[in-house]
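Here's the structure, in structure tokens; my notes come after.
Counting starts at 1 for both ligands and their atoms, following the listed order.
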Amino acid sequence: MKNSGTKKPPAPKIIPRAAHTVSRKEISNSALKVLYRLHKSGYQAFLVGGCVRDAMLDLHPKDFDVATDATPEEVRALFDNCRLIGRRFRLAHIRFGREIIEVATFRAAAVHAADDVAHDDEGRIIRDNVYGSIWEDVWRRDFTCNALYYNIADFSIWDYVDGVRDVERRRLVLIGDPDQRLREDPVRMLRAVRFAAKLDFTIDDSVVEAMHKHAELLSNVPAARLFDEFLKLFQAGAAEKTFHLLREYQLFGQMFPATDHELNEDPAFAEFVVAALRNTDRRVAAGKSVTPMFLIGVFLWAPVKRLAVIRRAEESMSESQSLSLAAYELAAQQQRLISIPRRFTVPMREMLALQPRFLQTRGKRAHNLLEHRRFRAAYDFMLLLSEVGQFDPELAEFWTRVQSQPAPQRADSFQVSAPRRGTRRRRKRRTKPAQSP
Ligand code: ATP
Ligand code: MG
């Protein structure tokens, strides 16, 4: 399918309600309200993208994107709870409590709307801001499975690119020429891996071939965008599988070169990384919180240790100091590719620098470690190391045990005298009268 303004618009395959599995029960009430109101006002209104794909796969979609022929201003006129966002391309966000339904006006992909094409030297799109029709909107989507349109008018699915077939055979196929589509936006390579891991799809050979050619284009992607993508890759519950695929397609090294280098050198480090990813997936599955700083610390651990040894040979400093310095340098290096916010790199450094302190279990300094604001993360990190045989399990056991001990017994464990609690209470009493009127 190619469209060039003058030709007759192509016709989609229309799959009637009775012939597909997307049920309205899978669609949020807010999304349905938006679709129905647009439709009643005389506009076309479709659900599109991941939500249609996921609903077909029985994956209970949570995000709903709407596509329409109404302009953003026309959408805003219909909804009180609507805000227009975006400068280059305006989108309508319609808010229902905590849920936001994103409504986008059909737009022509720059590549195929010949008059408005603008590419940079690498072929990336630098301008794509023309409203279009639904058959043009299809072309700005990445994979065929992401280009299915669910029509609220009769609950049918409109399919211009054989997306339904590709969902059924669980295949990721790029719309159009794979080389061109990856050059336009190299992040699509990461998206291919993410969807393959999350949906258990196979990346089509045509895409794999193009990925081999263009992996290094990832280095042109803005660092802020790569950080967003990093979160989606590793915090969506399929981190381990994602990691293996990224390595298989030589994409991981584009994102984390120092880590990739150590992974190739040291199987024990690879084992630690995989254990951490598995642990992350377990936490996500259990609904527990995950923080990117932990995985970034895991990824940088071997490079940090290696650099710390060098820094210590150059200048006298404690092991902790050398780890902190090395973590600082590696985080800075990593940030040139992926802009990891400081609120993650700072605790990450602290977590790594605390590791040698788990070796010491006697005395006040060891005892105080329990009170350190980064103790919890550092402890989890150490526990993971011990799980893969890279930290003494008896020491790990000690640190687990002392956490549940009452203060006096704990003081005994560390062989320190007066429990700290007593001193604290006395201090509090002394300050109190001064504060009260
Ligand atoms: P999920 O939300 O499960 O990660 P999704 O398919 O909804 O998957 P989004 O990033 O939410 O992914 O994007 C919504 C839709 O926008 C996609 O389905 C796709 O059609 C289109 N899209 C998003 N990013 C790109 C891109 N980089 N290139 C082309 N199309 C894209
Ligand atoms: Mg989505």
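- At the shortest separation from atom 27 (N) of ligand 1 among protein heavy atoms lies D185 OD2, 2.8 Å.
- Atoms of ligand 1 lying under 4.0 Å from any heavy atom of R140, numbered from 1 in the order shown and given with element: 29 (C), 30 (N).
- Ranking the protein heavy atoms by distance from atom 19 (C) of ligand 1 puts D142 OD1, 3.6 Å first.
- Of all the atoms in ligand 1, the ones that sit under 4.0 Å from a non-hydrogen atom of K198 are 1 (P), 3 (O).
- Of the protein's non-hydrogen atoms, D65 OD2, 4.2 Å is the one closest to atom 11 (O) of ligand 1.
- Note: no N/O pair closer than 3.5 Å links R181 and ligand 1 by distance alone.
- Numbered from 1 in the order shown, with element, the atoms of ligand 1 that lie under 4.0 Å from a heavy atom of G49 read 18 (O).
- Which parts of ligand 1 touch R225 is read off a 4.0 Å heavy-atom cut-off, strictly below it: atoms 27 (N).
- In summary, the side chains of R247 and N264 do present a donor paired with an acceptor at a separation below 3.5 Å, with no hydrogens or angles considered.
- Of the possible polar contacts, one joining the E136 side chain to the S133 backbone as a donor-acceptor pair under 3.5 Å is found.
- Distance alone, capped at 3.5 Å, is enough to place a donor-acceptor pair between the R349 side chain and the S324 backbone.
- Summary of contacts: the protein heavy atom closest to atom 2 (O) of ligand 1 is D63 OD2, 4.4 Å.
- Closest protein heavy atom to atom 28 (N) of ligand 1: R188 NE, 2.8 Å.
- The nearest protein atom to atom 16 (O) of ligand 1, hydrogens excluded, is given as R141 NH1, 3.4 Å; this is a heavy-atom distance.
- Between F358 and F381, the ring centre distance reaches or exceeds 6.0 Å.
- Atom 17 (C) of ligand 1 has R191 NH2, 3.5 Å as its closest protein atom, hydrogens excluded (heavy atom only).
- In this structure, L218 CG and M189 CE are separated by 4.0 Å, a value rounded to the nearest 0.5 Å.
- Protein heavy atom closest to atom 6 (O) of ligand 1, with residue, atom name and distance, is R53 NH1, 2.9 Å.
- Assignment of F143 to the shell around ligand 1 is not supported, since no heavy atom sits closer than 4.0 Å.
- If you number the atoms of ligand 1 from 1 as listed, the ones under 4.0 Å from a heavy atom of R194 come out as 4 (O).
- For R24 and F155, the positive end sits near the middle of the six-membered ring, less than 6.0 Å away and at most 45° from its axis.
- Checked against the 6.0 Å centroid criterion, the rings of F89 and Y131 qualify as a close aromatic pair.
- When all heavy atoms are compared, the tightest approach of P292 to F230 is CB-CE2, 3.9 Å.
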Step by step, work out the side-chain hydrogen bond (donor to acceptor under 3.5 Å, both in side chains) result for R141 and Y149. CA-CA 11 Å; R141 316 250 154 217; Y149 293 74; 3.2 Å; yes
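- Using a 4.0 Å cut-off to heavy atoms of G50, the atoms of ligand 1 that qualify are 5 (P), 6 (O), 7 (O), 18 (O).
- Of the residues D205, D204, D162, the one that meets the salt bridge (Lys or Arg N to Asp or Glu O under 4.0 Å) test with R171 is D204.
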